[in-house]
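In this chain, numbering begins with 1 at the start of the sequence shown.
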Amino acid sequence: MTAPAPIRFVSTRRKAPALTFDEALLQGLASDGGLYIPERVPQLPSTVWRAARSFPEMAAEVLARWLQGVFPEETVSRVTAEALSFPVPLVPLGDGLYVLELFHGPTLSFKDFGARTMARFAREVLRRRDERLLVLVATSGDTGSAVADASPDWSACR
């Protein structure tokens, strides 16, 4: 059986060309002003959600399917373990109802999940390309602190 082709990313405005994960990640916004989204959603077995022993392990299982053909599974596991190296408690509220607390990251923002994961995958792409990236953050909210904290030592990319 052959592995599926890597997922390409398309603009929400559908006027920019489809890009690879690497291209979409480093470009940010699409040339037509839209956001990049995957052209398809990979199927996940129902066992993924209960089989994982930790949140980073579950994230790696999910992302490995999204990034198949882009990164080896070992890289996906390493990156997610590094990015999501903070508590993610599932707190029981009673009667089989739970809440996943998303404010235990380094900047106490739910944005730590996406910002840290994105920054570390960007580092992997930049290493592979032998390139560097300057990240500028301007915001009045918690996005700036999450992105600034998430950005690993970019000098390691070169």
Novice: When you compare the side chains of D149 and T107, does any donor N or O come within less than 3.5 Å of an acceptor on the partner?
Specialist: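 Their side chains do not contain a donor-acceptor pair, so the 3.5 Å distance test is not met.
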Novice: Is it true that the side chains of E23 and T20 contain a donor and an acceptor less than 3.5 Å apart?
Specialist: yes
Novice: Which value, rounded to the nearest 0.5 Å, describes the distance between H104 atom NE2 and F110 atom CZ?
Specialist: 15.0 Å
Novice: What is the distance from atom CH2 of W66 to atom CZ of R40, rounded to the nearest 0.5 Å?
Specialist: 9.0 Å
Novice: Membership question, hydrophobic clusters at under 4.5 Å side-chain separation (ILVMFWY): are V88 and L97 in the same one?
Specialist: no
Novice: Does E61 offer a backbone N or O that forms a donor-acceptor pair with the side chain of R65 under 3.5 Å?
Specialist: yes
Novice: Can you check whether V70 reaches R128 side chain to side chain, under 4.5 Å on heavy atoms?
Specialist: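 Counting from C-beta outward, V70 and R128 do come under 4.5 Å.
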Novice: Report yes if the side chains of T12 and Y36 come closer than 4.5 Å at any heavy-atom pair, otherwise no.
Specialist: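 Not in contact.
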Novice: Closest heavy-atom contact between A16 and A30?
Specialist: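 Distance-wise, the nearest heavy atoms are CB-CB, 4.0 Å.
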Novice: Is the number of heavy atoms from other residues, nucleotides or ligands under 6.0 Å of R13 CZ greater than 12?
Specialist: no
Novice: Has R8 got a side-chain atom pairing as donor or acceptor with A18's backbone, closer than 3.5 angstrom?
Specialist: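 It does hold such a pair.
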Novice: Starting from V76, can I reach L44 by hopping between I/L/V/M/F/W/Y residues whose side chains sit under 4.5 Å apart?
Specialist: yes
Novice: Is F113 linked to W49 within one hydrophobic cluster, defined over Ile, Leu, Val, Met, Phe, Trp and Tyr using a side-chain heavy-atom separation of less than 4.5 Å?
Specialist: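 In one cluster: yes.
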Novice: Kindly say whether V79 contributes a backbone atom to a donor-acceptor pair with the side chain of R120 at under 3.5 angstrom?
Specialist: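 Pair absent, no side-chain N/O of R120 close to backbone of V79.
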Novice: What distance separates D22 CG from Q27 CD, expressed to the nearest 0.5 Å?
Specialist: 12.5 Å
Novice: Could you check whether any side-chain N or O of T80 sits under 3.5 Å from a backbone N or O of S77, counting only pairs where one atom can act as donor and the other as acceptor?
Specialist: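 The answer is yes, because a donor-acceptor pair under 3.5 Å joins these two groups.
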Novice: Given side chain to side chain contact (heavy atoms under 4.5 Å, CB included), test L26 with R129 step by step and report yes or no.
Specialist: CA-CA 11 Å; L26 297 182; R129 293 175 164 211; 3.6 Å; yes
Novice: Please round to the nearest 0.5 Å and tell me the distance separating atom OH of Y98 and atom CG of L93.
Specialist: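 With rounding to 0.5 Å, OH (Y98) is 9.5 Å from CG (L93).
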Novice: Taking the side chain as every heavy atom from C-beta outward, state whether I37 and F9 have any atom pair closer than 4.5 Å.
Specialist: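 No, too far: nothing below the 4.5 Å cut-off.
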Novice: Taking the side chain as every heavy atom from C-beta outward, state whether K15 and S31 have any atom pair closer than 4.5 Å.
Specialist: no
Novice: Would you kindly confirm whether L102 and V91 end up in one hydrophobic cluster when ILVMFWY residues are joined by side chain heavy atoms under 4.5 Å apart?
Specialist: no
Novice: Quick one: CZ on F103 to CZ on F86, what's the gap to the nearest 0.5 Å?
Specialist: 12.0 Å
Novice: Could you please spell out the steps behind the side chain to side chain contact (heavy atoms under 4.5 Å, CB included) verdict for L63 and T117?
Specialist: CA-CA 10 Å; L63 286 173; T117 304; 4.0 Å; yes
Novice: Quick check on the hydrophobic clustering: are L35 and V10 connected, directly or via other members, by side-chain heavy-atom contacts under 4.5 Å?
Specialist: no
Novice: Hey, is R123 close enough to E82 for a salt bridge, meaning N to O under 4.0 Å?
Specialist: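 A salt bridge is present here (some side-chain N lies under 4.0 Å from a carboxylate O).
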Novice: Indicate yes or no: at least one non-hydrogen side-chain atom of K111 is less than 4.5 angstrom from one of D142.
Specialist: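 Yes, at least one pair of side-chain atoms sits under 4.5 Å.
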Novice: Working to the nearest 0.5 angstrom, can you tell me the gap between L25 CG and F121 CZ?
Specialist: 9.5 Å
Novice: Classify the ring geometry of F21 against F71: parallel below 30°, tilted from 30° to 60°, perpendicular beyond 60°.
Specialist: perpendicular
Novice: Taking only Lys NZ, Arg NE, NH1 and NH2, and the carboxylate oxygens of Asp or Glu, determine whether R14 and D32 approach each other closer than 4.0 Å.
Specialist: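 The answer is no: the pair does not qualify as a salt bridge.
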Novice: Side-chain contact test, heavy atoms from C-beta onward, threshold under 4.5 Å: evaluate it for P106 versus D112 and give yes or no.
Specialist: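 P106 reaches D112 side chain to side chain.
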Novice: Taking the side chain as C-beta and beyond, is there a heavy-atom pair between R116 and L84 under 4.5 Å?
Specialist: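 A side-chain contact under 4.5 Å is absent here.
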